[in-house]
Amino acid sequence: MHGLVNHGPGRSAWGERPQPVLQDPTDAIVRITTSTICGTDLHILKGDVPSVTEGRILGHEGVGEMTQVGRAVSTFHPGDRVLISCITSCGRCDFCRKQMYSHCRHAGWILGSTIDGTQAGHVRIPHADTSLYGIPPAADEEALVMLSDILPTGFECGVLNGQVHPGDTVAIVGAGPVGLAALLTAQFYSPGASVMVDLDDNRLEVAKRLGATTLINSTDGEAAQRVMDLTAGHAIDVAIEAVGVPATFGEYEHCRSISRCNRRQALRTQLFACAQRTPAGIGYADA
């Protein structure tokens, strides 16, 4: 089969690799039908994640069809269509019982990190019963693959950890896929205003279509002041950083400095934090 193989910082290639095989009774082999990339993959390719060694197939998101299952797998069978979670969990250790699956003592973020990932023809999934989700036969795979990582990251690490409440003013730094996912899912909680900060006017226009009430192009480095001007000096209730690079951390800190941190958390969502095995897979929360 073929897969996208990491060959060190700045070097990757689509190459021939051996077909994965079952190694443990809880394993399954999935034929990938839809996959995607993540900001974490970009950090890997820049050399920011040293745990990912040369020769590793990248990717931790995907939808596919079961082709083989280990003898201990009871939930799935060959032919089933499944969604692959970016976080692999044994479901039994103390961290899994606390729903801190990325800290799983036997797995966590391993796909495309310490074992071969999903940007390939087939992938081996350890702990298949607790790391895969069945999907309906007619489901839209391109929509479902967003549930592997991107949309839950924006929702769980941004909206839930940021504790968005009705009427809140929410500032999101970064209108990429995770930032847009945070924008979409924040609307479940009826915020009063959603401020989207980005360098790209095209992305900001998409954010507007998805519900952003205020758009700020931060090219001039004056985003925080413009937030204050546009909100008439009112504080931001929740700030979410959804890029994961030093430059956007600076914008986040500005938004955080004008947020009501005594009442709510300001949150930074770091795309490479899953390599550090943080709770929920990706993200930090600052009180």
Side-chain angles (χ1 to χ4, degrees), residues 9-10 12 36-49 146 149-151 153-159 161-162 164 168-187 189 191-261 264-275 282-286:
S12 63
T36 186
I37 62 171
C38 177
T40 302
D41 297 323
L42 303 181
H43 285 291
I44 292 169
L45 293 174
K46 287 170 60 180
D48 294 338
V49 189
M146 300 293 286
D149 185 1
I150 296 169
L151 192 139
T153 294
F155 179 52
E156 181 179 358
C157 299
V159 176
N161 283 356
V164 176
D168 279 352
T169 297
V170 180
I172 302 170
V173 180
V178 171
L180 294 175
L183 171 67
L184 280 170
T185 54
Q187 294 173 55
Y189 300 90
S194 299
V195 181
M196 183 63 79
V197 180
D198 199 275
L199 297 168
D200 190 306
D201 286 332
N202 294 314
R203 288 188 169 195
L204 290 171
E205 183 58 34
V206 173
K208 181 179 179 180
R209 295 202 302 269
L210 295 180
T213 57
T214 301
L215 308 177
I216 296 178
N217 187 309
S218 57
T219 305
D220 59 7
E222 299 295 328
Q225 184 58 50
R226 294 175 65 189
V227 169
M228 290 296 289
D229 293 343
L230 290 168
T231 58
H234 291 243
I236 297 297
D237 297 298
V238 182
I240 301 172
E241 193 285 327
V243 180
V245 296
T248 52
F249 294 162
E251 294 292 352
Y252 156 80
E253 291 294 346
H254 287 311
C255 288
R256 183 179 187 273
S257 69
I258 56 175
S259 67
R260 300 188 185 114
C261 290
R264 194 83 77 250
Q265 291 176 322
L267 183 85
R268 63 183 178 191
T269 302
Q270 300 186 15
L271 295 180
F272 60 83
C274 55
I282 304 174
Y284 292 119
D286 293 326

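Below, each value reflects all heavy atoms present in this structure, side chains not excepted, and no hydrogens, waters or symmetry copies.
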Output a table of donor-acceptor pairs, distance under 3.5 Å, between side-chain atoms of residues 176-185 and any protein atom two or more places apart or on a different chain; print 'none' if there are none.
from   : atom 1 : to     : atom 2 : distance (Å)
Thr185 : OG1    : Ala181 : O      : 2.8

**Prompt:** Does any N or O in the side chain of Asp198 come within less than 3.5 Å of the main-chain N or O of Arg203, such that one atom is a donor and the other an acceptor?
**Reply:** no
**Prompt:** Cut-off 3.5 Å, side chains only: do Asp201 and Asn217 have a donor facing an acceptor?
**Reply:** yes
**Message:** Under a 3.5 Å distance rule, please check whether Gln187 uses its side chain to pair with a backbone N or O of Ala212 as donor and acceptor.
**Reply:** no
**Complete:** Closest heavy-atom pair, Gly47 versus Pro9, reported as atoms and distance to 0.1 Å, is CA-CG, 3.9 Å
**Prompt:** Of the non-hydrogen atoms in Ala186 and Val164, which two are nearest, and what is the gap between them?
**Reply:** O-CG1, 4.2 Å
**Asked** Has the side chain of Asn161 got a donor or acceptor atom that lies under 3.5 Å from a matching backbone atom of Gly158?
**Response** no
**Item:** Counterpart residues, side chain to side chain contact (heavy atoms under 4.5 Å, CB included), relative to Leu45 (two or more places apart)
**Value:** Asn6, Ser12, Leu58
**Message:** How long is the straight-line distance from CG of Asp41 back to OG1 of Thr36, given to the nearest 0.5 Å?
**Reply:** 8.5 Å
**Message:** Would you compute the distance between atom CE of Met196 and atom CD1 of Ile216 and round it to the nearest 0.5 angstrom?
**Reply:** 11.0 Å
**Asked** Would you say the side chain of Val170 lies within less than 4.5 Å of the side chain of Val195, judging by non-hydrogen atoms?
**Response** no
**Asked** Do Tyr189 and Asp168 come close enough that some side-chain heavy atom pair is under 4.5 Å?
**Response** no
**Request:** Give the minimum heavy-atom separation between Gly211 and Ser194, together with the two atoms involved.
**Result:** O-CB, 4.4 Å
**Prompt:** Sequence neighbours excluded, which residues qualify as side chain to side chain donor-acceptor pair (under 3.5 Å) partners of Thr213?
**Reply:** none
